[in-house]
Amino acid sequence: MTETQLKQACPLPIARYEQVILAHGGGGKLTQQLIDKIFFPAFKNKYLAQEHDGAIIPVRGDRLAMTTDSFVVNPLFFPGGNIGDLAINGTVNDLACCGAIPKYLTTGFILEEGFPMADLQRIVNTMSSAARKAGVEIITGDTKVVEKGNGDGIYINTSGLGIVPDGIHISPTNVVPGDVVIVSGLIGEHGITILSTRDSLGFESELKSDTAPLNGLITNLLSAVPNIHLLRDPTRGGVSATLNEIARKAQVTIEIDETQLPISQPVWAACDLLGLDPLCVANEGIVLIFVPEPHAREAVRILQNGDLGRNAAVIGRVSEKSAGIVTLKTLYGGHRIVDVISGEQLPRIC
């Protein structure tokens with residue numbers, strides 16, 4: 001088998017790729033490899049080194065949070081939303097996970113020649129509604145059109161700016177042994193909804209994307225619970241990739257308990273049928289929270305008081321300093337390493 005055939009058959013994180021493959025955008029090992037070997041060395045600076053959902057920037061005594069994201073989901077319309085509210089909510093949530101109050105967004109559209117104007121209007125209207133719901137304003141943007149066949153209908157980029165209140169310091173480096181890991185809602189809803197809608201698997205009616213703005217939920221949490229160490233939304237690569245990124249950055253072991261994971265029966269069934277790990281499935285409306293154990297019960301109570309947090313649960317804890325690993329206590333009492341996916345489990349998911 002040639003090297004090219006090997007890459008196509010099994011996209012493992014080998015030492016060197018001559019071309020970009022889909023798995024480089026999947027949020028797993030190859031995405032991290034791309035960041036570590038190409039982007040970080042080229043753009044190295046103290047703000048990028050924060051390795052968070054956005055960068056915290058000091059400006060004249062204030063702290064601003066800035067983030068950017070691009071959305072290439074397929075299909076464009078799905079139960080629970082479309083690419084428009086996905087773009088708004090995703091950027092709002094990245095700012096909120098920095099501890100910031102989201103204020104302003106920019107948006108860029110790359111449109112393919114022949115894209116239906118009615119679909120564009122529907123997407124833009126959804127973005128407008130989502131921005132109002134999140135309490136942010138879209139203040140500037142850009143539009144480009146590519147020839148038919150050189151795009152996929154529409155791609156959207158959104159960037160965001162927010163203000164970090166005094167006393168809020170959210171960072172992966174805050175995570176320490178003794179912290180409890182909380183998830184605010186059901187795991188895997190978005191990714192399985194997209195896959196089901198894309199491939200007509202027959203359980204669309206039971207599932208919908210969890211895309212939602214989390215800034216209100218996070219603001220309530222930060223105002224009521226002291227000393228939140230870290231917030232992170234587990235989008236591409238799912239809970240597995242996100243926890244591994246945190247464990248690596250903080251150099252700790254994170255232990256999670258399979259019996260405590262809030263996963264709906266339809267998602268369990270779909271993952272079992274398709275051979276997927278729900279921990280690797282993308283989410284768009286939940287947040288992982290790291291908090292000292294004495295404050296965990298109050299954090300869960302605050303989350304469960306709101307609609308977006310009613311399924312909040314403690315799923316694990318930070319156990320010790322280490323080389324940065326995540327382990328899972330299984331339903332049967334054994335333990336296994338929770339690794340990051342090597343290939344592309346669900347392409348074009350967000």
Side-chain angles (χ1 to χ4, degrees), residues 27 31-32 34-36 38-71 87-108 131 134-142 157-176 179 182 184 213-236 242-243 245-252 287-292 295 299 302 318 324:
T31 300
Q32 193 62 49
L34 197 67
I35 293 169
D36 289 343
I38 301 243
F39 299 128
F40 273 176
F43 303 141
K44 185 177 180 180
N45 61 69
K46 63 182 180 181
Y47 304 112
L48 194 61
Q50 294 172 12
E51 294 189 49
H52 200 14
D53 280 335
I56 308 298
I57 310 163
V59 178
R60 295 183 178 179
D62 292 323
R63 289 181 300 147
L64 303 182
M66 186 175 182
T67 189
T68 190
D69 208 344
S70 298
F71 298 84
I88 299 299
N89 293 338
T91 301
V92 165
N93 292 346
D94 281 349
L95 289 172
C97 284
C98 292
I101 300 171
K103 291 292 187 180
Y104 306 107
L105 303 186
T106 73
T107 184
V136 297
E137 294 182 286
I138 300 171
I139 59 172
T140 190
D142 180 57
N157 171 271
T158 44
S159 296
L161 192 68
I163 299 173
V164 182
D166 291 340
I168 301 296
H169 298 277
I170 305 297
S171 171
T173 58
N174 292 340
V175 174
V176 294
D179 282 356
I182 300 168
S184 66
L214 296 171
N215 51 322
L217 176 147
I218 289 173
T219 296
N220 290 340
L221 184 65
L222 290 174
S223 64
V225 180
N227 205 22
I228 297 291
H229 284 171
L230 182 65
L231 302 162
R232 184 67 67 84
D233 57 334
T235 52
R236 288 183 311 161
T242 303
L243 289 179
E245 289 173 13
I246 295 165
R248 176 180 57 84
K249 180 67 175 177
Q251 288 295 284
V252 296
V287 58
L288 293 168
I289 301 139
F290 286 72
V291 63
H295 305 302
I302 294 295
V318 180

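- Between V287 and P234, the closest heavy-atom pair is CA-CD, 4.3 Å.
- The neighbour count for K249 NZ, taken as heavy atoms of other residues, nucleotides or ligands under 6.0 Å away, is above 12.
- For T91 (side chain) and I88 (main-chain N/O), no donor-acceptor pair under 3.5 Å exists by modelled atom type.
- Taking each heavy atom of C98 and D53 in turn, the nearest pair found is SG-C, 4.0 Å.
- Inter-residue side-chain proximity for H52 and P172 is flagged as met; some heavy-atom pair is nearer than 4.5 Å.
- Contact detail for L214 and N93: the closest heavy-atom pair is N-OD1, 2.6 Å.
- Crowding of N45 atom CG: a count of heavy atoms from other residues, nucleotides or ligands under 6.0 Å exceeding 12.
- Listed for the N174 side chain is a donor-acceptor partner under 3.5 Å among the backbone atoms of H169.
- From D233, atom CG reaches atom CD1 of I289 across 11.0 Å, with rounding to the nearest 0.5 Å.
- Panel note: side chain N157, backbone D69; a donor-acceptor pair is recorded below 3.5 Å.
- When V136, L161, T68 are each tested for a side chain to side chain contact (heavy atoms under 4.5 Å, CB included) with L105, only one passes: V136.
- Put simply, the side chain of N215 does not reach to within 4.5 Å of the side chain of L95, judged on heavy atoms.
- Closest non-hydrogen pair, I56 versus Y47, comes out as O-CD2, 3.5 Å.
- The shortest side-chain heavy-atom distance between V318 and V176 does not fall under the 4.5 Å cut-off.
- Inter-residue side-chain proximity for I170 and C97 is flagged as unmet; no heavy-atom pair is nearer than 4.5 Å.
- A 6.0 Å sphere centred on OH of Y104 holds no more than 12 heavy atoms belonging to other residues, nucleotides or ligands.
- The shortest distance between side-chain heavy atoms of V252 and D179 does not fall below 4.5 Å.
- Taking CD1 of I139 as the reference point, atom NZ of K103 lies at 12.0 Å (rounded to 0.5 Å).
- Between the CD1 atom of I182 and the CG atom of L288 there is a distance of 10.0 Å, given to the nearest 0.5 Å.
- Checked by atom type and distance alone, the side chain of Q251 pairs as donor or acceptor with a backbone atom of R248 at under 3.5 Å.
- Taking CD1 from I101 and CD1 from I168, the interatomic distance works out to 9.0 Å, rounded to the nearest 0.5 Å.
- Within the 4.5 Å cutoff, the side chain of H229 has heavy atoms near those of the N227 side chain.
- Scanning all heavy atoms of the two residues, the minimum distance from A100 to A65 falls at CB-CB, 3.6 Å.
- Taking both residues in full, the closest heavy atoms of S171 and L230 are given as C-CD1, 3.5 Å, listed atom of the first, atom of the second, then distance.
- In terms of modelled atom types and a separation under 3.5 Å, the side chain of R232 and the main chain of F290 share no donor-acceptor contact.
- Residue I302 holds its CD1 atom at 7.5 Å from OG of S223, rounded to the nearest 0.5 Å.
- Atom CD1 of I218 is separated from atom CG of L231 by 5.0 Å, given to the nearest 0.5 angstrom.
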